[in-house]
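Notes follow the structure.
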Amino acid sequence: MTVQTSEPPSIFTTTSLVSLTGVLAIYVLAHAGSKALLPKNASWTDRATFIWMTFDALIHFIFEGSFLYLSTFGRQVATSTGPFAELWMEYARADSKWAVADPTVVSLELLTVLGAGPMAVYIAYLLVKNDPARHYWIVVISTAELYGGFMTFAPSWLEGSANLNTSNWLYFWVYLVVSLLLFAELGFIKKTRFQFMNMIWVVIPFALLCDSYTAIVRSLRLAQAGSATKKRI
């Protein structure tokens, strides 16, 4: 089911400004948290990872949590009122399936809000404690978010991208664009186009996945070499 959303009177609305300001405020809060909670000698990678995990968790809890509330138990964004309903209707102007309780999207958001959100908080806690166990959980959450990104947009591609609206720069470049670039690189996209707000959940998880893979493999190889040395002695 698709919902036809009417165009706003202007491209950049008050809702656009408030929602993007909210995203910026969450980033500022995450950055401040890294300054307050991490040791001063924390590496650049650990600091950036903490900022991302805190940002990620707050986005999942606040923004996506509101979508989940508005899309379960018979509710849907298109028939709801309030600031978060307006926010999601703004996004739905770029991708209309977010205006309705699309089963695939709601299922993914259940895992995201109830699973990925708490996991991101736990990883941030492990970073504060400088616990290397964080690398395992980073692999788990990054894999989940890459899969979630694929499942958010692959169905649209298979259906011919009927839900997507790329009629203006805000919808195309800010709300959608960067995500479709990944699929285009993989050769999955024909006429489909995606956007920026989603692409960061592809690029950053992939980078963290590679970093944690390197850390885990390095540690295992050192342990293996140490074990081999002891056996020779």
Side-chain angles (χ1 to χ4, degrees), residues 17-68 87 91 108-109 111-150 152 173-179 181-182 185 194-226:
L17 177 62
V18 171
S19 59
L20 294 175
T21 300
V23 171
L24 179 60
I26 288 174
Y27 169 77
V28 170
L29 182 61
H31 189 275
S34 75
K35 295 283 190 183
L37 299 174
L38 291 179
K40 292 182 179 178
N41 62 347
S43 69
W44 179 89
T45 302
D46 285 349
R47 194 169 298 279
T49 303
F50 179 92
I51 292 171
W52 168 251
M53 289 301 166
T54 306
F55 176 85
D56 192 34
L58 291 173
I59 289 291
H60 291 334
F61 289 142
I62 299 171
F63 285 86
E64 292 170 276
S66 68
F67 170 80
L68 198 56
L87 181 153
Y91 186 79
L108 288 169
E109 290 301 328
L111 289 174
T112 300
V113 175
L114 303 179
M119 197 183 303
V121 172
Y122 181 59
I123 293 168
Y125 169 78
L126 293 177
L127 280 158
V128 172
K129 297 296 182 182
N130 196 27
D131 188 338
R134 65 186 179 272
H135 290 293
Y136 169 79
W137 294 108
I138 288 172
V139 169
V140 173
I141 195 172
S142 297
T143 302
E145 291 190 328
L146 287 169
Y147 176 77
F150 179 84
T152 298
W173 291 107
V174 179
Y175 294 166
L176 300 170
V177 165
V178 187
S179 294
L181 294 178
L182 173 71
E185 288 290 331
F194 291 62
Q195 311 127 3
F196 165 77
M197 289 304 290
N198 300 289
M199 190 60 173
I200 59 175
W201 270 272
V202 173
V203 173
I204 295 178
F206 183 74
L208 289 174
L209 189 61
C210 292
D211 179 70
S212 287
Y213 167 82
T214 302
I216 291 169
V217 169
R218 185 191 304 119
S219 297
L220 290 173
R221 285 173 178 165
L222 285 172
Q224 187 179 55

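Contacts of Ser142 classified as side chain to side chain contact (heavy atoms under 4.5 Å, CB included), with partners at least two apart in sequence or in another chain: Ile138, Pro205, Leu208, Leu209. Evaluation of the side chain to side chain contact (heavy atoms under 4.5 Å, CB included) rule for Tyr122 yields Tyr125, Leu126, Trp137 as partners, not counting sequence neighbours. Residues passing the side-chain hydrogen bond (donor to acceptor under 3.5 Å, both in side chains) test with Ser66, sequence neighbours excluded: Trp88.
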Test side-chain contact (heavy atoms from CB on, under 4.5 Å) applied to Val140 and Tyr136, step by step: CA-CA 6 Å; Val140 173; Tyr136 169 79; 3.8 Å; yes

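Here the CG atom belonging to Leu24 is positioned 11.5 Å from the CG atom belonging to Leu29, to the nearest 0.5 angstrom. Atoms CG and CE, on Leu114 and Met119 in that order, are 11.5 Å from each other to the nearest 0.5 Å.
When all heavy atoms of Leu38 and Ala42 are compared, the closest pair comes out as CB-CB, 4.2 Å. Heavy-atom minimum distance, Ser212 versus Val139: CB-CG2, 3.9 Å.
For residues 31-43, no pair satisfies salt bridge (Lys or Arg N to Asp or Glu O under 4.0 Å), with sequence neighbours left out. Pairs engaging residues 124-135 under the salt bridge (Lys or Arg N to Asp or Glu O under 4.0 Å) rule: Asp46-Arg134 [sequence neighbours left out].
A heavy-atom distance below 4.5 Å is not found between the side chains of Val113 and Phe67.
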Scan the side chains in residues 47-58 for donor-acceptor partners under 3.5 Å anywhere in the protein, sequence neighbours excluded, and list what turns up.
residue: Arg47; atom: NH1; partner: Ser34; partner atom: O; Å: 3.0
residue: Arg47; atom: NH2; partner: Pro39; partner atom: O; Å: 3.1
residue: Thr49; atom: OG1; partner: Thr45; partner atom: O; Å: 2.7
residue: Thr54; atom: OG1; partner: Phe50; partner atom: O; Å: 2.9
residue: Asp56; atom: OD1; partner: His60; partner atom: NE2; Å: 2.8
residue: Asp56; atom: OD1; partner: Trp201; partner atom: NE1; Å: 2.7
residue: Asp56; atom: OD2; partner: His60; partner atom: NE2; Å: 3.4

